[in-house]
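Each chain gets a letter, A, B and so on, in the order the sequences are listed, and its residues count up from 1. As a basis for the values below, the full set of heavy atoms in this structure was taken, side chains included, without hydrogen atoms, waters or symmetry mates.
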Amino acid sequence: MTRPGRSAYAPQEIEPKWQRIWAERGVMKANDDSPKPKFYDLVMYPYPSGDLHMGHARNYVMGDALARMKRMQGFEVLHPFGWDAFGLPAENAAMKHPGLHPEKYTLDNIAESKRDLKMMGILYDWDRELASCMPDYYRWTQWLFLLMLERGLAYRAKAPVNWCPVDKTVLANEQVINGRCWRHPDVEVEKRDLEQWFLKITDYADRLLDDLATIDKWPQKVRVMQTNWIGRSMGAEVDFAIDGLPGESVRIYTTRPDTLFGATFMVLAPEHPLVERITTEKHRARIREYVEKARKETEIERLSTERDKTGVATGGFAINPVNGEKIPIWVADYVLMTYGTGAIMAVPAHDERDFDFAQRYDLPIREVIAPPTGARKVLREAYVGPGVMVNSDGYDGLDSTVAFGKICDDLEKRGVGNRAVKYRLRDWLISRQRYWGAPIPIVYCPTHGIVPVPVDQLPVTLPREYRPLAEQPDWYRTKCPIGGEEARRETDTMDTFIDSSWYFLRYASPHDDREPFDPELANHWMAVDQYTGGVEHAILHLLYSRFFTKVLHDAGMLEVEEPFKRLFNQGMVKRFGQVMAKSAGNGVSIAQLSSEQGADAGRVYEMFIGPPEEDVEWSEAGLNGVVKFLQRVWRLVLEPESIDVSEGPMVAVDEVVLRRRVAQTIGRVTEHYDELRFNTAVAFLMELANTMQDYLQGGGARDASWADAARTLVKLLNPLAPHICEEMWERLGEQGVLADASWPAFDRAAAVEPKVTLVIQVAGKVRDKLEVDAGLSEGDALKLAMAREKVGAALNGRGPSKVIYVRDRLINLVP
RNA sequence: GUCGGCGUGGCGGAAUGGCAGACGCGCCAGCCUUAGGAGCUGGUGCCCGAAAGGGCGUGGAGGUUCAAAUCCUCUCGCCGACACCA
């Protein structure tokens, strides 16, 4: 006999039981041929770090809850999982523990994490599991690289890398600490130019930017971040002739051709190819010194903020094409070779950076755009807004936004310039000088040059021994696929972001050994209906995935142009003020949770703890509250006789109220689950439980209304707390697993309150209140209002000149 | 610096422009009891009041509106992203 106040709810017993049953029944297996509408529910695949805890679980519980609801709603749900398994941590672990191979480290972690996910009751279609480090996956990563190459989207170019002069090796950015090698803290890291592979993502800059408008179910924040990252700017390129060097000119880029008449000097990036030729003898030594210093500059120095601008005059002069004026040419590192043309015209009056520079080196400042507030006597800062053109010859008096176009037209007519669009986005450097990644499938042949590995020879597999590929002679020595000459393999591997740029397509046909994915199946499942993951991937991963999707679309392999219809970034779980992490030692273990309060309590708690997009603080007290809630649900559904009815509630809940609450809860919970607003969804379920308890304590019979309420509660709670719900479902005598049951239908009419309070205001002051039928028409409500004595008095005998009727509850009369 | 977001009880947080504070935690009082980290009932924004009731109240100052936590302007504070991109 159950003691009053104690429930027999024992998560330790029922959770393993249902996890086993779901696995046996293959509950979340996605059927490719199902006639049902599809729903592709995806969580970002994780790096298998082996410390899966409740901090990670939040994301997966959201995905699982949505998958379970969509399934009950009649969708064929694809809810797959995999592992972003290449990457540096595995190598670091291998270095730390000699003899531990990155692959073993990775696969062990995967096995461990997988156990934890199952212990949380999270259901995936494990038949579709993938790991990016396995040859049957990275074979197709390599295939996709070759597709990029074939489509002219992969190329080789020199790029600076971090070089440790002692180890004579390339270092990842993470291995450079304060400009020094991580293994040799007194050795400065050098910058070296090496040949590296790039993907031409800039070819897609316009589409990546413009199509952001089509994915309007992404968080605004992420779309803004991507917009800024791509950084499209509209302006003009203008040729400035060089004084004393006939036929030579410097091409500059500006977003403000309307300020051309205000250019009082020109600045070249230190790496600009014309620096040497322009520099006069007198200035040569100083320029060389400056350029040399800039070249050596480390990342850290470049990142130092608020640094004063420095520069050196070349002694050369450029000729402004609009007015023939001779302006001095300087070299300064605030101009970057990697953006625009590596050269600018400096207009200190209308650009803050140029203004600072002009002040420091005492260069002239000429105002050419008058702000709307009128001309200024002393120029104390740059005015960057629009205005009226002054000091600009024939353009004077024009609005600067109009002059912009006119000047461009004139430059184009004269052949000294043209409109131009530039992007902040750079091409994607994908070469990594690392072992634990997908080898770039390229052979360098003395005769045939750069030769792609033929598709039928893929995958180019990693050598067994853990050691940099460049140090494995047996591996990199090969034969040219074309002529059979002695040749050398590419020894760099690919950025792991390549692996993750297409994994969501592989889930459509994970065992396909003829192509990266079956276009028919991919077209069936794509696009992803809901993509959930951390906001730290707002730019790179999501931008790269969009890029790959567009390339595959252009290659005729995919119908969609955008991979992810709806994106959600969940907040992180903190404990003791810090993000849960192995290194911080504050993670809540899944195994421990599951053996104490139970996985269901952890699941519901993490959903209830706060808004899903916000960071939240884990607390034992909060978790306890949820445990109590689950115990109460258990007792209400299975042991209602154990509820103490000796003290009734203040407000009696009758059958009508109970039925209405049930209907309302169905509507609200469904809507809020759909929008991933789980915290409020849980609150509604708690309200339903409160109402059910009030009903019992008010002497309510355990009749059909009660049975319906109990079953509805079980169904609505199921996505969040599936184990306890399955157990209750079974004990209620229902057939089949709840995972296959149907979602409760929302009866809008049953959810409406029958009465509302009509509030009558006259000139903004409340004059009367009365109870009316909720369905009362506007006209009848007005008649009723006018008939009230107090209202008539307030209106002073006159009728209202204006009537405002809002919703069902308020009438406002303006005399 | 630029862009974006957020400021609501003791705490986490609810609120299509329409009863601010749902739901939970915590706390207070009472009940029950096999004395437990259980259960039940009531209370809990602030101020005045024994109560009825009244006043104030969503960082601050203005504004729009019959009506503002919500919309607009300015301002203060916190958080995030980018950070010399011409």
Colleague: Can you check the A:E617 CD to B:G10 P distance for me, whole Å?
Modeller: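 Between P of B:G10 and CD of A:E617: 20 Å.
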Colleague: Would one find a side-chain N or O of A:R668 under 4.0 angstrom from OP1 or OP2 of B:C23?
Modeller: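 No, because none of the side-chain N or O atoms of A:R668 sits under 4.0 Å from OP1 or OP2 of B:C23.
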Colleague: Provide, to the nearest angstrom, the distance between the CG atom belonging to A:D258 and the P atom belonging to B:A86.
Modeller: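 After rounding, the gap between these two atoms is 14 Å.
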Colleague: Looking only at non-hydrogen atoms, find the nearest pair between A:N569 and A:P219 and report the distance.
Modeller: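 Heavy atoms only, the tightest pair is OD1-CG, 3.6 Å.
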Colleague: A:E687 CD to B:A22 P: how many Å, rounded?
Modeller: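 In whole Å, B:A22 P lies 10 Å from A:E687 CD.
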Colleague: Using the P atoms only, state how far B:G26 lies from B:C19, rounded to an integer number of Å.
Modeller: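 One P to the other, the span is 30 Å.
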Colleague: Got A:P273 and A:M337 here, is their nearest side-chain heavy-atom distance under 4.5 Å?
Modeller: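 The answer is yes, as the side chains (C-beta and beyond) meet within the 4.5 Å cut-off.
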Colleague: Could you please name the option among B:U41, B:G39, B:A14 that lies closest to any side-chain atom of A:R635?
Modeller: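 Nearest to the side-chain atoms of A:R635, counting from C-beta on, is B:G39.
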Colleague: Starting at atom CE of A:M225, determine the distance to atom P of B:G4, rounded to an integer number of angstrom.
Modeller: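 To the nearest whole Å, that distance equals 13 Å.
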Colleague: According to the Watson-Crick and G-U wobble definitions, with both distances under 3.5 Å, which nucleotide is paired to B:G57?
Modeller: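 Its partner is none (no Watson-Crick or G-U wobble pair with both distances under 3.5 Å).
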Colleague: Remember a base hit wins even if backbone is also touched, and classify A:N690 as base, sugar-phosphate or nothing at under 4.0 Å, heavy atoms.
Modeller: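 The residue A:N690 makes sugar-phosphate contact but no base contact.
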Colleague: What does B:G62 pair with, Watson-Crick or G-U, if both distances are under 3.5 Å?
Modeller: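 B:C72 - that is the nucleotide pairing with B:G62, both distances being under 3.5 Å.
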Colleague: Return the nearest nucleotide to the side chain of A:V224; candidates are B:G24, B:C84, B:C3.
Modeller: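 So the side chain of A:V224 is nearest to B:C3.
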Colleague: Give A:R426 one of three labels, base, sugar-phosphate or nothing, depending on what nucleic acid heavy atoms sit under 4.0 Å from its own.
Modeller: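 Since a base atom lies under 4.0 Å of A:R426, the category is base.
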Colleague: Take atom P in B:G55 and the same atom in B:G59, then report the distance between them in whole Å.
Modeller: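 These two P atoms come out 23 Å apart once rounded.
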Colleague: Grab the two heavy atoms, one from A:R366 and one from A:A349, that are nearest each other, plus how far apart they are.
Modeller: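 Distance-wise, the nearest heavy atoms are O-CB, 3.2 Å.
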Colleague: What interatomic distance, in whole Å, is found between P of B:C78 and the corresponding atom of B:C27?
Modeller: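 B:C27 and B:C78 have their P atoms separated by 32 Å.
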Colleague: Counting only Watson-Crick pairs (N1-N3 plus N6-O4 or O6-N4) and G-U wobbles (N1-O2, O6-N3), all under 3.5 Å, who is the partner of B:G42?
Modeller: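 The answer is B:C28, by the H-bond criterion.
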Colleague: I'd like the C1' distance from B:A52 over to B:U58, given in whole Å.
Modeller: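 Roughly 28 Å separates the two C1' atoms.
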Colleague: When you check the side-chain N and O atoms of A:R426 and A:T202, is any donor under 3.5 Å from an acceptor?
Modeller: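 Short answer, no.
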Colleague: What is the separation between atom CZ on A:R424 and atom C1' on B:U2, rounded to the nearest whole Å?
Modeller: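 Interatomic distance, CZ of A:R424 to C1' of B:U2: 12 Å.
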Colleague: Checking contacts here: which listed nucleotide (B:A86, B:A81, B:C23) is nearest the side-chain heavy atoms of A:F608?
Modeller: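 Nucleotide nearest to A:F608's side chain: B:C23.
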Colleague: Starting at the 5' end of RNA chain B and moving along, which residue's nearest nucleotide shows up first, A:P611 or A:I643?
Modeller: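 Its nucleotide being nearer the 5' end, the pick is A:P611.
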Colleague: For B:C23 and B:G5, measure between their P atoms and round to the nearest Å.
Modeller: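 Those two atoms are separated by 31 Å.
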Colleague: Write down the partner of B:C82 under the Watson-Crick or G-U wobble criteria, each distance required to be under 3.5 Å.
Modeller: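 Per the H-bond distance test, B:G1.
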Colleague: Taking any strand in view, what nucleotide pairs with B:A15 in a Watson-Crick or G-U wobble way, both distances under 3.5 Å?
Modeller: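 B:A15 is unpaired by these criteria.
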Colleague: Could you tell me whether the phosphate oxygens of B:A81, OP1 or OP2, come under 4.0 Å of any side-chain nitrogen or oxygen in A:Q226?
Modeller: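 False: A:Q226 side-chain N/O out of range (4.0 Å or more) of B:A81 OP1/OP2.
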Colleague: Take atom NE2 of A:H672 and atom P of B:A14, then tell me their distance rounded to the nearest Å.
Modeller: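 Distance, rounded to whole Å: 11 Å.
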Colleague: I'd like the P distance from B:U70 over to B:A61, given in whole Å.
Modeller: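 Comparing P positions in B:A61 and B:U70 gives a spacing of 13 Å.
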Colleague: If the P atom of B:A51 is compared with that of B:C6, how far apart are they to the nearest Å?
Modeller: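 It comes out at 41 Å once rounded to the nearest Å.
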Colleague: Would you say A:K628 places a side-chain N or O within less than 4.0 Å of OP1 or OP2 belonging to B:C25?
Modeller: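 For B:C25, OP1/OP2 do have a side-chain N/O of A:K628 under 4.0 Å.
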Colleague: Check the orientation of A:W428 and A:Y544. Use parallel for under 30°, tilted for 30 to 60°, and perpendicular for over 60°.
Modeller: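 Ring orientation, 0 to 90° scale: parallel.
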Colleague: Taking syn as within 90° of 0 and anti otherwise, name the glycosidic form of B:G9.
Modeller: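 Base orientation: syn.
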Colleague: With heavy atoms under 4.0 Å as the rule, sort A:N679 into base, sugar-phosphate or nothing.
Modeller: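 Sugar-phosphate contact only - A:N679 comes under 4.0 Å of backbone atoms but never of a base.
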Colleague: Evaluate the side-chain proximity of A:V267 to A:V331: yes if any heavy-atom separation is below 4.5 Å, no if none is.
Modeller: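 Not touching, per the 4.5 Å side-chain cut-off.
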Colleague: For A:T254 and A:V626, find the nucleotide of RNA chain B closest to each by heavy atoms; which residue's nucleotide sits nearer the 5' end?
Modeller: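 Nearest-nucleotide comparison on RNA chain B picks A:V626.
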Colleague: Which pair of non-hydrogen atoms, one from A:I365 and one from A:P348, has the smallest distance, and what is that distance?
Modeller: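 Smallest interatomic distance, heavy atoms only, reads CG1-CB, 3.8 Å.
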Colleague: Compare the minimum distances between each of B:C23, B:C3, B:A86 and the side chain of A:A683, then state the nucleotide with the smallest one.
Modeller: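 Shortest atom-to-atom distance from the side chain points to B:C23.
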Colleague: Using atom C1' of each nucleotide, how far apart are B:A69 and B:G13 to the nearest Å?
Modeller: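 The answer is 14 Å between these two C1' atoms.
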Colleague: Please work out if A:G625 contacts a base, only the sugar-phosphate, or nothing of the nucleic acid, heavy-atom cut-off 4.0 Å.
Modeller: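 Here A:G625 touches the backbone only, sparing every base.
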Colleague: Is B:A35 paired to anything, Watson-Crick or G-U wobble with both distances less than 3.5 Å, and if yes, which nucleotide?
Modeller: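 The base-pairing partner of B:A35, which may sit in any strand shown, does not exist here.
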Colleague: For the residue pair A:H272 and A:T341, establish whether any side-chain heavy-atom pair is separated by less than 4.5 Å.
Modeller: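 A side-chain contact is absent here, since even the closest heavy-atom pair is not under 4.5 Å.
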Colleague: With a 4.0 Å cutoff (strictly under), does any side-chain N or O of A:Q220 reach OP1 or OP2 of B:G4?
Modeller: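 Indeed not, no polar side-chain atom of A:Q220 lies that close.
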Colleague: Does a side-chain N or O from A:R223 land closer than 4.0 Å to OP1 or OP2 of B:G4, or not?
Modeller: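 It does not, given that no N or O in the side chain of A:R223 lies less than 4.0 Å from OP1 or OP2 of B:G4.
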Colleague: Round to a whole Å and report the spacing from CD1 of A:I539 to P of B:C3.
Modeller: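 For the pair A:I539 CD1 and B:C3 P, the rounded distance is 17 Å.
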Colleague: Do A:H350 side-chain atoms and A:E367 backbone N/O form a donor-acceptor pair below 3.5 Å?
Modeller: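 Between the backbone of A:E367 and the side chain of A:H350 there is no qualifying donor-acceptor contact (under 3.5 Å).
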Colleague: Could you give the CG-to-P distance, from A:L688 to B:G24, as a whole number of Å?
Modeller: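 The distance from CG of A:L688 to P of B:G24 comes to 12 Å, rounded to the nearest Å.
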Colleague: Is there a Watson-Crick or G-U wobble partner for B:A22 with both distances under 3.5 Å, and which nucleotide is it?
Modeller: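 Pairing partner, where one exists within any strand: none, as none qualifies.
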Colleague: Nearest to the side chain of A:Q697, which nucleotide is it out of B:U41, B:C25, B:A86?
Modeller: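 Among B:U41, B:C25, B:A86, the one nearest the side chain of A:Q697 is B:U41.
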Colleague: Checking base pairs now: Watson-Crick or wobble, both atom distances under 3.5 Å. What partners B:A52?
Modeller: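 Check on B:A52: unpaired, no WC or wobble geometry under 3.5 Å.
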Colleague: Scan A:S233 against the nucleic acid and name what it touches under 4.0 Å (heavy atoms): base, sugar-phosphate only, or nothing.
Modeller: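 If one applies the 4.0 Å heavy-atom cut-off, A:S233 turns out to touch the sugar-phosphate alone, with no base involved.
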